[in-house]
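Order of the sequence lines fixes the chain letters, A, B, ..., with proteins taken first and strands second; residue numbering starts at 1 for each chain. Values below: every heavy atom of this structure, side chains too, minus hydrogens, waters and symmetry copies. Keep in mind that what you see is a predicted model, and the values were worked out from it rather than measured.
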Amino acid sequence: MSQKKAMLIDLTLCVGCNACQGACKEENRLPPGEEKYLSLTAYTALDKYNDLYVRRMCQHCDVPTCVSVCPVGALSKTEAGPVAYDAEKCIGCRYCLQACPFHVPKYEWSSTKPRIQKCKFCASRLARGLQPACAEACPTGATQFGDREELLVEAARRINAEPAKFVHRIYGKDDVGGTSMFYLSPVPFEQLGFDSRMGKTPMPMLTMSALSKVPNVLSVGGVLLGGVWWITNRRAKVQAFEASQKKDPTRPPEDKP
Amino acid sequence: MKIPGLPRITGWHPIATTLILAGAMAAFARFNYGLGATTNLSDEFPWGLWIGFDFLGIGLAASGFTIVAAVNLFHAKEYEPIVRPAILTAFIGYLLVVLVLIIDLGRPDHFWHPLVMWNPHSVMCEISWCLMLYTTVLSLEFAPIVLEKLNIVSPIKWIHAISLPLMIFGVLLSTLHQSSFGSLYLIVPNRLHALWYTPLLPVLFFISCIASGISMVILESLIFARGGRDLLPTPLRANLAKIIAVALAVYVVVRVQDLLTRGALRELTALTYYSLAFYAELLIGFVIPFAMLLMERVRTSRRGLYAATLLVVVGFAFNRMNTAITGLEHYPAQTYFPSLIEVFITLGITAIGFSAFSFIVKHLPIFEPMVAGPRPRKEVVTGRPEPIFISREGGDLESR
Ligand code: SF4
Ligand code: SF4
Ligand code: SF4
């Protein structure tokens, strides 16, 4: 399975039945219930805006912020698309909570051995050739699973077929560098709680510009400081020498360094 | 009990003991009941007081690398008497920060993971490495003081032999992680308030740590002076003050210009929680002390310098806390105030730091040479009775 997988979430088709959340909870053995916001017990949640329902979940970004900030590589982007988490590595610094632009990871604050919790893109099901539990459960096709490229074509086809029905944007196509969750919406995304200020550049690039200077600081800085030491050391010696020479009255007094 | 070089604080022992005990109990609770039950941290506010403490501790411990660089790399040898106290401060500061970091981690038992599991894309990983390496450098710079006391000479020669690369390495590591603490926030442009978020965060963090680090050196020397041990004559302190003034000026110019180019100045026209926090930080920590330090009168008076450098340090604390807490409160509209347990642990650890400092000052040759009896209080110390055996020059020992 080399093709990157993705899901297309068409908000115009969602009827708010919460089947996705129910199936997800069953698949991940979470306590049942309908939650509006992501939590430790809801890897996906169904938020409501007037008559529109919006599924929230980990976007499984192409260049994931969480993966880039994790100091120990506990989070990783897998070939098939899912962003996986390894609690055995996690040190609990919570940088991923701080940095994820979608506020996805949740922390087991009440535990003494806390872990991160978030949607797993049903990686184990994908590995078995199955589709995610939520996509399988969706009765209307509002959540559809497939190959990333094919789903993008399909999303564009839907917009072109009914241009009046959708805002002309596939959210997730290139937001923060592209994600695995594409949204189609009849109203501007900003009205549905999507952050519109994030742009198309992957967040990790913001840090890379600083981190990429580290080798320069080390090499140039090292040479520079060594040079400074060498020069000032020499100057100090010269001064000491001249000071000792000054005692000699035959030397002209204006002979300073 | 009077420790030479440190002013007496009435009731310090009971206060310190209480704080440390309370801190130990709070830490016990934190490890037994977890972070959720004992802190006010949450998914919306995953970093709080402790990260602020780390910023502060590291920034103030910048006294170590700035003075080491000045004395041993730039050959400002006249500042040598303050090198050991500065290294000691930095060493204690870093150990405390590492301690707080470990307490802060959700999985303290995994604290060593960054050493074996790398992620070169992570600022946090870089900081972990820098912290660990620099603490090692500091312990090597500090070791001769202990060895001298124990009269073990041969390792001192070893350390002396590598002292130059060691110091350069230390200064580079400091430069890196001082600025990297700012880089931590580069990744949250959508979270951090526009008054604090800027691509220049690492640069600004670095400039301000120089001002705060040197301010700490001055403060320390003033405190020692009150305790009857004047390590830096007034003209030398005044020179340091000039460096602070320059750093402050550069900071203000860079900061304001950056706000201007990013169009964030309009955030300042209305008086909001954020603009007030910003004004407080910039005025208290940068503009006012800068204006003060421009005056020769302030630079050469103990009281004036005390006030100015204290302002720099307080303003620095404001700046770091604003970046770590205030600036993040606007999105997702969430306020954070540390829990009592967070506060107790922080105070307890701070008390450990102060106690360790006075203990070490009392028992190790931090102020060589030890002079019997009280030193006369003079503004300028002239004519030292003996040569000084200090820092880097392990070889000096042979002349004893
Ligand atoms: S949505 Fe957040 S948690 Fe999920 S992959 Fe993207 S950055 Fe990581
Ligand atoms: S909390 Fe764990 S998974 Fe998240 S960044 Fe820190 S170490 Fe990585
Ligand atoms: S992909 Fe799996 S884990 Fe994620 S929301 Fe769907 S069912 Fe839940």
So [Y] and [X], do their side chains get closer than 4.5 Å, heavy atoms only?
{"X": "A/W109", "Y": "B/T38", "answer": "no"}
{"X": "A/T207", "Y": "B/H121", "answer": "no"}
{"X": "B/P114", "Y": "A/I91", "answer": "yes"}
{"X": "A/W229", "Y": "B/N72", "answer": "no"}
{"X": "A/V72", "Y": "B/H110", "answer": "no"}
{"X": "A/C93", "Y": "B/L105", "answer": "yes"}
{"X": "B/I187", "Y": "A/V69", "answer": "yes"}
{"X": "B/F45", "Y": "A/Q98", "answer": "no"}

Donor-acceptor contact present, side-chain [X] to main-chain [Y], <3.5 Å:
{"X": "A/Y95", "Y": "B/L184", "result": "yes"}
{"X": "B/D43", "Y": "A/H103", "result": "no"}
{"X": "B/R107", "Y": "A/G92", "result": "no"}

Q: Looking only at non-hydrogen atoms, find the nearest pair between B/P189 and A/L206 and report the distance.
A: CG-CD1, 3.5 Å
Give the member of [options] that has the highest number of heavy-atom pairs under 4.5 Å with chain B.
{"options": "A/G226, A/P114, A/P204", "result": "A/P114"}
{"options": "A/R115, A/M205, A/K89, A/E108", "result": "A/K89"}
{"options": "A/G73, A/C100, A/C90, A/A74", "result": "A/C90"}
{"options": "A/S110, A/C70, A/S111", "result": "A/C70"}

Q: Please lay out, stage by stage, how B/D109 and A/K113 fare under the test side-chain contact (heavy atoms from CB on, under 4.5 Å).
A: CA-CA 9 Å; B/D109 50 325; A/K113 285 215 185 320; 3.9 Å; yes
Q.
Can you list the residues of residues 26-44 of chain A that sit under 4.5 Å from chain B, counting heavy atoms only?
A.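 At a heavy-atom separation under 4.5 Å, chain B is reached by no residue of residues 26-44 of chain A.
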Q. Nearest 0.5 Å, what's the CG-CH2 distance between B/L164 and A/W230?
A. 13.0 Å
Quiz: residues 212-224 of chain A side-chain donor-acceptor pairs under 3.5 angstrom, not counting sequence neighbours:
from, atom 1, to, atom 2, distance (Å)
A/S212, OG, A/M208, O, 2.9
A/S212, OG, A/S209, O, 3.2
A/K213, NZ, A/S209, O, 2.8
A/S219, OG, A/P215, O, 3.0
A/S219, OG, A/N216, O, 3.3

(Q) Under a 4.0 Å threshold between the charged nitrogen and the carboxylate oxygen, would B/D104 count as salt-bridged to A/R94? (A) yes
